[in-house]
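Predicted model only: the values in this text are computed from it and were never measured. What you see below is based on every heavy atom in this structure, not just the backbone, and it leaves out hydrogens, waters and symmetry mates. A note on names: the letters A, B, ... follow the listed sequences, proteins ahead of strands, and every chain is numbered from 1.
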Protein chains: 2
Amino acid sequence: MPKQIVICDDHLLFLNGISELLKNTGNNYCIFKFSDVHSCRQHLIQHTADVFICDLNINHNDGFLLLEELKSQLKNTKTIILTAYYEDFLIQKAKKLGVDAFLKKETPAEELIEVIEAGKSKEFYTNKNYKQGNSVYSTMDNPIINKFRISKQEKEIIKLIIKGLTSKEIADVLFISITTVTTHRKNIHRKLEISNSSSLIKFAHENNLLL
Amino acid sequence: MPKQIVICDDHLLFLNGISELLKNTGNNYCIFKFSDVHSCRQHLIQHTADVFICDLNINHNDGFLLLEELKSQLKNTKTIILTAYYEDFLIQKAKKLGVDAFLKKETPAEELIEVIEAGKSKEFYTNKNYKQGNSVYSTMDNPIINKFRISKQEKEIIKLIIKGLTSKEIADVLFISITTVTTHRKNIHRKLEISNSSSLIKFAHENNLLL
DNA sequence: TACGCAATACCCATTAAAGGGTATTTTTAT
DNA sequence: ATAAAAATACCCTTTAATGGGTATTGCGTA
């Protein structure tokens, strides 16, 4: 039976292009294309897939969140992040999340096909010319995060604000007091020199803080 | 004779993908692919091309520089910038440089093919939903806008909220009362079934309300 | 012309956010 | 071991946002 491949990317030309590319490899692929996370999520919940290829930034949505959400659905699916952002901290984050491969869009088609054909395995794969740096990487290695000295918990709270949660709701999901959330928001504002959550969300988007 | 199309992009998967896409349109295209500016420059100096599709960021090189350099060689070539960066100042810069079209990578394949087939003309082309000026985009053909019956002024206010402005500041820039802004925000929330501005911003981003 | 809708603007009360403190405990790094 | 940073949590006041009304004006269009 043909491999079922789901691709999610908001760059339509890329989405359609890579779809044509895969169709013409000689391998028998059944390809499902999505340019928004919502319909992609729906599909993955209702159907199984052999391979799931996902961008990191889809209409300003976090591809990581989608992968995290669907983790249980993707137990038998080879998940591949395919993105223009090729940063150490993103690769490390993907690894931790249990993603099977992390490829940059500069990848040759042959390499992508190799990865697809290799099937699901325990090995994490990223591009051959990738050299890990000499330091230990964490999710905090985003240069903007470091520059503004945003802490882990603060970052967590930023993400929940972006999701539309109120301070009360954030307090509930993080099992902390609402006054603590208030303190964190206060500190975030001071560090970023802003004074409302709209500006915070704008800042986060502009600096890819959500990745 | 077939149209000679030169494409330059360092995202190999995109380059190969779009190449396959164009090959399978039924139109007879002769496609030359380059993933670095140097060999692309060499080719364009030594050969003529009907269409030249170029990214803006190729191995950290500026696509604009390449276009400027080769301006005299490209007198009879339709030049198209095809990039993920869709910013007003870039579009204006392209226009000034005499580039024929500026397309974002979210463009549907049909639109790209239309642009290619239109041939060289005096008209500058960019994506249909782009409107020059102080970021005034016509989103009224956006199905989401129509579905939720968001009016023109409401949309304007959404954009200002996303920019980080408070109700008072919005009132000032639109020359209306703060109570009017409040009313609009109230109506927007009711229509979208949300209850805070973070959710509003999330909704706007997810549905490309800003484009 | 009458209807609906958009845009304007106010009333009210309640809730949430913002920003000023201070302070404790826990974690991390030197 | 100790100092710094992070995370926790409260006090307070002020400001902004939310959501319930009502109401007028103008503008297309059926």
Short N-O contact, A:D100 and A:K120, less than 4.0 angstrom: yes

Sugar-phosphate, base or nothing in reach of A:H189, heavy atoms under 4.0 Å: sugar-phosphate

CD (A:E123) with more than 12 external heavy atoms under 6.0 Å: no

Protein-nucleotide distance (B:I178, atom CD1; C:dA7, atom C1'), rounded to Å: 17 Å

N-O pairing of B:E154 and B:K191 below 4.0 Å: yes

A:I176 CD1 to C:dT26 P, straight-line distance once rounded to whole Å: 16 Å

Nearest-Å distance for atom pair CD1/P, residues B:I150 and C:dC5: 14 Å

Nearest-angstrom distance from the residue atom CD of B:Q153 to P of C:dA7: 6 Å

Touch class at under 4.0 angstrom, heavy-atom based, for B:S197 against every strand present: sugar-phosphate

Sugar-phosphate only, base, or nothing, as touched by A:R190 at under 4.0 Å among non-hydrogen atoms: nothing

Closest listed nucleotide, where the reference is the side chain of B:K191 and the choices are C:dA6, C:dA16, C:dT8: C:dA6

Check against side-chain contact (heavy atoms from CB on, under 4.5 Å), B:F124 and B:I91: CA-CA 10 Å; B:F124 174 81; B:I91 297 167; 3.8 Å; yes

Lys/Arg N to Asp/Glu carboxylate O, B:K105 vs A:D9, below 4.0 Å: no

Salt bridge present between A:K71 and A:E68 (N-O < 4.0 angstrom): no

Atom-pair distance (CZ on B:R185; C1' on C:dT15), nearest Å: 14 Å

For chain B, the stretch of DNA chain D it reaches, first to last nucleotide, under 4.0 Å of its heavy atoms: D:dA17 to D:dG21

Length of the line joining A:L165:CG and C:dA16:C1', which is rounded to integer Å: 14 Å

Integer-rounded Å distance: C:dA18 C1' and A:L200 CG: 13 Å

Side-chain (B:K78) to main-chain (B:G119) donor-acceptor, under 3.5 angstrom: yes

Contact under 4.0 Å: B:T180 side-chain N or O vs C:dT8 OP1/OP2: no

Of B:E154 and B:T183, the one whose closest DNA chain C nucleotide lies more 5': B:E154

Distance in angstrom units between B:R149 CZ and C:dC5 C1', rounded: 9 Å

Which nucleotide in C:dC10, C:dG19, C:dA17 has an atom nearest any side-chain atom of A:S195: C:dG19

Sugar-phosphate only, base, or nothing, as touched by A:T179 at under 4.0 Å among non-hydrogen atoms: base

